[in-house]
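Everything below concerns the one structure shown next.
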Amino acid sequence: MPDMDDAYANGAYIDGAADYPPRWAEAAQAFRDGLGTRAHLNLSYGPSDRMALDHFMPEGEAKGTLIFVHGGYWLKFDRSYWSHLATGALAHGWCVAMPSYDLCPTVRIAGITQQIAQAVMAVAEGSMGPISLAGHSAGGHLVARMLAPGMLPASVLSRLTHVMPISPVSDLEPLLETSMNVDFGMDVGMARAESPMRQPKPDTPVTVWVGADERPVFLDQARWLAKAWGADHVVTKGEHHFNVIDALANPDSDMIQRLTTTP
C-alpha cells in the first residue's frame with residue numbers, strides 16, 4: 001500500500017522548499033508597491049473576510065482579464081503570495097484578478113468551489129472582454145471546476161477564452177487516503193463530485209500544464225485530466241511543483257501566450 005501522504009508531499013522533494021513562501025511573499029509585496037494606483041486591493045466578492053480579491057490593471061485600456069487561483073491544498077496561503085505572477089499578463093495589456101478564499105476545515109472543498117465561482121462572476125460583472133483562468137495545484141482543481149455544467153452562467157462561460165489548470169488535482173479520491181482528509185472531511189461521494197476529470201469535456205480551450213520534475217502523482221493527475229477532456233497537455237522539463245508557475249511572470253512564455261491570445 002503506497003504512503004499517500006508521502007506521494008502528495010511536494011516540499012519534501014524540492015531543494016530549499018522552505019525558502020519559497022517567504023520569497024514569493026516578498027516578490028508579491030514589491031510588485032504591489034511598484035504598481036501603485038494600478039493595484040486595486042482587497043475587493044470583496046462575498047460575505048467572509050477571505051472572500052476578497054486583488055485586481056491589477058495594465059497601462060491603457062485592458063484587452064481582457066486573467067484570473068489566477070492559488071494553491072495550497074485548500075488548506076493554506078492567500079492571494080498575497082502571488083501578485084508578482086501578474087507581470088506576464090499585464091505586459092500584454094490584460095488585467096489580472098487574484099482571489100483568496102476560505103480554507104478547510106472552515107469550509108468544505110465544494111464550498112471553496114462555489115466561492116471561486118462567485119469570484120469569477122464578480123470579476124466578469126466588473127469587466128469587459130475575454131476572460132482566461134489559470135490555477136495552480138488546488139487552484140488548478142478550482143479553475144477546472146469552473147467548466148462543470150451549470151457552474152457559471154452562460155453569459156460568463158461564453159467569455160472564457162482559455163482555462164489552464166497548472167499541476168492540478170483532477171481526481172480527489174486518492175486524497176481520501178491522506179491525513180489531509182481530516183481537514184477536508186470528504187467521503188467517496190464528495191470526492192467524486194469534486195473531481196474535474198469526471199466532468200463532461202468542456203467546449204472552452206484547456207491546457208493542462210505540469211512540470212516534468214513533479215511528484216509522480218501530479219504527473220498522473222495532469223495526464224488523467226488531459227485524457228478525460230482531450231485537452232492540450234504540456235509537461236515542461238526541469239520544473240517542479242513550486243517553480244512551474246514562474247512562467248506566469250514572463251511575458252514571452254508559452255504559458256502567457258496561451259492565456260492572453262483570443263480567437
Side-chain angles (χ1 to χ4, degrees), residues 1-13 45-51 67 69-79 99-121 133-153 157 163-202 204 206 208 210 214-231 241:
M1 188 78 174
D3 180 346
M4 296 306 283
D5 279 335
D6 180 70
Y8 281 89
N10 288 301
Y13 293 89
Y45 70 84
S48 77
D49 289 343
R50 288 185 61 97
M51 294 179 72
I67 301 174
V69 182
H70 73 82
Y73 278 127
W74 311 273
L75 295 169
K76 56 187 177 182
F77 294 126
D78 59 52
R79 65 191 182 277
S100 294
Y101 46 85
D102 287 313
L103 301 174
C104 299
T106 302
V107 295
R108 297 287 175 88
I109 291 175
I112 298 174
T113 296
Q114 294 298 326
Q115 289 188 7
I116 295 304
Q118 286 180 251
V120 172
M121 287 186 281
L133 308 179
H136 176 234
S137 198
H141 158 267
L142 292 165
V143 297
R145 288 286 290 130
M146 295 304 100
L147 296 176
M151 185 64 68
L152 296 174
L157 190 62
V163 174
M164 185 178 291
I166 305 168
S167 312
V169 182
S170 62
D171 182 0
L172 273 58
E173 276 196 80
L175 299 182
L176 297 174
E177 299 176 36
T178 69
S179 59
M180 293 185 288
N181 197 46
V182 173
D183 288 326
F184 299 153
M186 287 192 299
D187 58 26
V188 172
M190 296 163 77
R192 289 178 178 174
E194 275 298 314
S195 292
M197 63 172 286
R198 293 180 175 272
Q199 296 170 200
K201 177 181 177 179
T204 305
V206 173
V208 182
V210 69
E214 301 211 34
R215 302 290 287 135
V217 291
F218 276 92
L219 294 173
D220 289 342
Q221 290 275 2
R223 187 180 68 254
W224 294 337
L225 184 58
K227 183 178 179 180
W229 287 5
H241 197 73

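Just so you know, these numbers come straight off a predicted model, no measurement behind them. The figures that follow rest on heavy atoms only: side chains count, while hydrogens, waters and symmetry mates do not.
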Output all residues satisfying side-chain contact (heavy atoms from CB on, under 4.5 Å) with L157, sequence neighbours left out; order by chain, then residue number.
L147, L160, T204
Using side-chain contact (heavy atoms from CB on, under 4.5 Å) as the criterion, list what pairs up with A144, not counting sequence neighbours.
P165, P196, L225, W229
Looking at H136, is its backbone amide N or carbonyl O close enough to the side chain of S167 to form a donor-acceptor pair, meaning the two atoms are under 3.5 Å apart?
no
Are N181 and L175 packed together at the side-chain level, in the sense that at least one heavy-atom pair is separated by less than 4.5 angstrom?
no
Would you mind reporting whether V208 and V210 have side-chain heavy atoms less than 4.5 Å apart?
no
Nearest heavy-atom contact between F77 and G72 is CD1-CA, 3.8 Å
Is the shortest heavy-atom distance from the side chain of R215 to the side chain of D6 under 4.5 Å?
yes
To check you understand the geometry: which heavy-atom pair defines the closest contact between S137 and G71, and what is its length?
CB-CA, 4.3 Å
Spatial distance of atom CH2 (W74) from atom OG1 (T113) [nearest 0.5 Å]:
8.5 Å
All side-chain hydrogen bond (donor to acceptor under 3.5 Å, both in side chains) counterparts of Y8, not counting sequence neighbours:
Q221
Checking S48 now: which residues fulfil side-chain contact (heavy atoms from CB on, under 4.5 Å) with it, not counting sequence neighbours?
R50, M51, D102
Given side-chain contact (heavy atoms from CB on, under 4.5 Å), test V107 with Y101 step by step and report yes or no.
CA-CA 10 Å; V107 295; Y101 46 85; over 6 Å; no
What is the minimum heavy-atom distance between L103 and L75, and which atoms define it?
CD1-O, 3.4 Å
For Y73, all residues meeting ring-ring contact (aromatic ring centres under 6.0 Å, His included), sequence neighbours excluded
none
List in chain and number order the residues that pass salt bridge (Lys or Arg N to Asp or Glu O under 4.0 Å) with E194, two or more places apart in sequence or in another chain; answer none if no residue qualifies.
R145
Considering residues at least two apart in sequence or located in another chain, which fulfil the salt bridge (Lys or Arg N to Asp or Glu O under 4.0 Å) criterion with D220?
R223
Under the salt bridge (Lys or Arg N to Asp or Glu O under 4.0 Å) rule, collect the residues that match up with R108, sequence neighbours excluded.
none
Mutual orientation of the aromatic rings belonging to H241 and F218 [parallel < 30°, tilted 30-60°, perpendicular > 60°]:
tilted
Heavy-atom pair of closest approach, residues P174 and M4:
CB-CE, 3.7 Å
Minimum heavy-atom distance I166-A134, with the two atoms named:
CD1-CB, 4.5 Å
Between CE on residue M146 and NE2 on residue H141, distance to nearest 0.5 Å:
8.5 Å
Applying side-chain hydrogen bond (donor to acceptor under 3.5 Å, both in side chains), name anything that partners E173, two or more places apart in sequence or on another chain.
R192, R198
Roughly how far apart are M186 CE and L176 CG, rounded to 0.5 Å?
5.0 Å
Could you report the tightest heavy-atom contact between C104 and F184, atom names first, then the distance?
SG-CD2, 4.0 Å
Under the side-chain hydrogen bond (donor to acceptor under 3.5 Å, both in side chains) rule, collect the residues that match up with D183, sequence neighbours excluded.
none
Run the salt bridge (Lys or Arg N to Asp or Glu O under 4.0 Å) test against D78 and tell me which residues pass, sequence neighbours left out.
none
Residues which pass side-chain hydrogen bond (donor to acceptor under 3.5 Å, both in side chains) with D187, listed by chain and number, not counting sequence neighbours
none
To the nearest 0.5 Å, how far apart are CG in L142 and CD1 in I109?
8.5 Å
The side-chain hydrogen bond (donor to acceptor under 3.5 Å, both in side chains) partner of S100 among R79, Q115, H70 is R79
